[in-house]
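Here's the structure we're looking at; comments come further down.
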Amino acid sequence: MTHFDKDKTMRISRMLGAVRLFVITTFLIGATAASATATAQVTLENSVQKVETFVNEAGEPQRRLVDADSVVPGDELRYTITFSNDGGETVDAGSVVITNPIPDETEYLDGTAFGSGTDIVYSVDGESFAAPDALTTVREGVEAPAMAKDYQSIRWVFRPALEPGETGNVSFSVRLK
Amino acid sequence: MQAANEKRQKPVARECVAWLFVGALFAAGSVQAAGTLAGREILNTAQASFEVGGIPQTPVLSNSAQTFVDELVDAVVVNDNGGPVAVSSPQNGAILQFTLTNTGNGDESFRLIANEVVGGDVFNPTLVAIHLESNGVPGLQTGVGGDTSYVAGGNDPLLAADGTQVIYVESNIPGPQPANADGIVELRAVANTIFVNSGTDDPNNAAFPAVGDFYPGQGDIDENGGANVNAVVGTSHDPGNRLFLTPGSYRVSEAVVALAKSAIAVVDPFGGATLVPGSVITYQIDVTVSGSGNAEALVISDPLPGDLEYLPGSLSVSALPVGEESDDDFTPAGTDNTGFDGTTQTITVNLDAVSGGSPVINITFQSTIR
């Protein structure tokens with residue numbers, strides 16, 4: 001019975017979650033509609049793959065991207081965010097700013113963030129962003145240079161203008177804790 | 001020995017036998033943490049802001065890239081004995097202690113197998129039983145209120161990620177064996193996910209899985225209650241380094257020390273035998289040395305738990321000359337180093353060399369329940 005009740009409670013709370021999500025979605029659609037006077041619209045597509053190490057025919061370890069259908073602690077995941085201008089107007093140069101918080105239960109892998117034509121900055125608090133050299137964190141009461149695993153969020157600033165129909169992508173890797 | 005003191009709720013003389021490895025501490029191995037739990041949903045969402053003609057537009061969100069964490073099936077078995085366990089030959093009921101840790105990231109039950117037919121030893125111990133530590137009292141206790149006997153497939157220990165189970169393997173030592181002869185028993189823990197899906201619990205069977213093998217939909221349920229994630233065989237199953245099994249060994253010793261501690265009398269402040277504050281418990285530790293040689297520099301230590309207070313003057317040791325058994329001369333700089341050390345709350349009896357087959361030595365003392 002305890003299990004049943006717990007399940008029920010979980011299901012209800014999940015339903016509430018779903019309702020909340022629905023409300024937010026509606027709001028976003030509404031907001032998009034309101035700004036539709038400007039016809040430019042940037043869309044984002046987020047995908048995940050697993051980085052797998054295998055031994056090639058020459059007996060050397062090599063890395064490849066595979067579906068993230070099966071991931072376990074210690075695996076490396078690579079996220080790719082594709083951005084597109086699906087509207088009819090040019091998006092201003094230097095104005096596309098993509099922010100991706102590091103997913104829960106993962107830690108960022110140093111040097112893996114990439115994005116052609118972008119400047120990349122990081123944050124240890126999710127609010128202020130800077131280049132790695134400028135980031136510090138407090139470790140055992142002492143301010144120290146931040147390490148990759150301290151990063152909470154990554155931000156890419158796309159330098160060129162994004163013309164209608166144009167697409168770009170940025171990516172980064174994490175390790176599942 | 002603290003264990004036996006804690007058993008005082010059972011009033012009269014319930015004997016509790018423990019093996020004491022004098023001078024050797026159990027080395028509990030530390031094992032790696034499991035990591036993110038099986039079934040966790042890992043979501044990733046990006047956001048973009050942008051401007052058109054200098055006018056900020058409403059930021060957009062990406063879809064959430066979603067992945068579920070599979071169950072990693074891993075186990076580590078550690079030998080807790082800190083070396084070969086001294087036994088005499090023949091001897092019944094010789095105990096090896098192991099600790100199993102679920103180093104995977106999900107809930108898993110484990111099938112336990114003890115194998116006494118392994119190479120590299122002189123004799124094969126005769127397996128009697130496997131026991132699961134279950135009563136919270138360190139060491140194996142059998143009988144009412146004791147630890148649980150293990151039945152394969154019947155009470156396989158179910159462990160959460162990072163969970164541990166202390167396991168005792170009980171064997172009889174055949175005789176006669178020469179001094180210093182070793183007998184090895186190997187204990188292995190095979191996850192039931194592996195046993196059920198491969199059909200074998202024998203790592204030398206061709207059907208036993210390799211590291212990285214996975215069983216679709218055979219792991220824990222995902223956190224949304226949706227479906228079972230996959231189960232993946234972890235690195236503890238590497239054929240070159242099988243962490244899920246480990247040997248323990250018995251070594252026939254020229255002298256074997258056995259300790260049996262019991263509460264032989266209880267007197268409460270009202271003249272009865274109830275256990276209440278103020279009750280005085282008389283404990284007896286029987287020290288038996290068997291074998292053909294001597295137990296050298298034998299020291300018996302018994303730390304008292306915090307709720308017992310040693311009764312000054314109550315220590316008596318049958319083997320020591322009168323005068324050396326008193327408890328008021330204990331000091332690291334003292335003459336016999338036998339007595340009650342108030343600093344460490346420990347009763348220490350220095351028996352020096354005791355030859356095998358000597359009469360049983362009785363140590364008695366009294367303590368008061370605070």
Side-chain angles (χ1 to χ4, degrees), chain A residues 7 10-11 14 24-25 28 31-35 38-50 67-75 77 79-83 85 87 89-106 154-156 158 162 170 172 174 176-177, chain B residues 32-74 103-106 161-162 211-219 221 223-226 229-235:
Chain A
D7 273 7
M10 284 177 66
R11 221 172 285 140
R14 218 177 292 134
I24 293 167
T25 314
L28 282 175
T32 313
S35 67
T39 52
Q41 192 191 338
V42 171
T43 58
L44 291 179
E45 175 69 26
N46 204 326
S47 66
V48 58
Q49 288 172 294
K50 183 167 80 167
D67 285 346
D69 294 339
S70 177
V71 301
V72 292
D75 277 350
L77 298 176
Y79 289 101
T80 303
I81 301 107
T82 304
F83 56 97
N85 182 352
E89 283 184 62
T90 301
V91 175
D92 296 353
S95 80
V96 177
V97 178
I98 298 169
T99 306
N100 197 136
I102 305 297
D104 288 349
E105 307 284 4
T106 72
I154 308 175
R155 177 168 283 176
W156 293 263
F158 187 60
L162 191 64
V170 298
F172 68 101
V174 297
L176 184 60
K177 288 186 202 167
Chain B
Q32 206 182 334
T36 307
L37 291 180
R40 279 298 307 269
E41 182 183 29
I42 307 296
L43 291 174
N44 184 45
T45 312
Q47 188 215 51
S49 60
F50 59 102
E51 296 177 9
V52 173
I55 300 165
Q57 306 293 301
T58 307
V60 293
L61 288 176
S62 73
N63 62 306
S64 289
Q66 178 201 46
T67 187
F68 285 103
V69 178
D70 280 348
E71 183 183 343
L72 197 54
V73 179
D74 264 323
T103 50
N105 64 342
D162 286 332
V211 175
D213 282 2
F214 79 97
Y215 303 112
Q218 297 297 311
I221 291 183
E223 67 175 327
N224 292 345
V229 296
N230 305 318
V232 181
V233 176
T235 52

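- Considering only heavy-atom pairs separated by less than 4.5 Å from chain A, the leading option among B:Leu72, B:Asn63, B:Val69 is B:Asn63.
- Between chain B and the residues A:Thr106, A:Val170, A:Val96, A:Thr99, the largest count of heavy-atom pairs under 4.5 Å involves A:Thr99.
- Although no hydrogens or angles enter the test, the distance criterion places a donor-acceptor pair under 3.5 Å between the side chain of A:Asp92 and the main chain of B:Gly54.
- Between the CG atom of B:Leu61 and the OG1 atom of A:Thr43 there is a distance of 12.5 Å, given to the nearest 0.5 Å.
- In terms of heavy atoms, A:Leu44 sits closest to B:Val60 at CD1-O, 3.9 Å.
- When the candidates A:Val71, A:Ile154, A:Ile98, A:Val174 are compared by the number of heavy-atom contacts under 4.5 Å with chain B, A:Val71 comes out ahead.
- The closest donor-acceptor contact from the side chain of A:Asn46 to the backbone of B:Ser64 lies at 3.5 Å or more, if one exists at all.
- Contact of A:Ser70 with chain B is made through backbone and side chain together, with heavy-atom distances under 4.5 Å.
- Residue A:Asp75 does not touch chain B at all, counting heavy-atom pairs closer than 4.5 Å.
- Of the possible polar contacts, one joining the B:Thr67 side chain to the A:Ala68 backbone as a donor-acceptor pair under 3.5 Å is found.
- Atoms CD1 and NZ, on B:Ile42 and A:Lys177 in that order, are 10.0 Å from each other to the nearest 0.5 Å.
- Residues A:Phe172 and B:Asn44 have side chains in contact (heavy-atom distance under 4.5 Å, counting atoms from C-beta outward).
- Here the straight-line distance linking atom CD of B:Gln47 with atom CD1 of A:Ile81 works out to 12.0 Å at 0.5 Å rounding.
- Contact of A:Thr82 with chain B is not made at all, since no heavy-atom distance falls under 4.5 Å.
- Residue A:Leu162: no heavy atom, backbone or side chain, is found under 4.5 Å from chain B.
- Residues B:Asp70 and A:Asp69 come closest through the heavy atom pair OD2-O, 4.1 Å.
- Heavy-atom minimum distance, B:Glu51 versus A:Val91: O-CG1, 3.4 Å.
- Using a 4.5 Å cut-off between heavy atoms, B:Thr45 touches chain A through its backbone atoms (N, CA, C, O) alone.
- Minimum heavy-atom separation, A:Pro103 to B:Leu43: CB-O, 3.4 Å.
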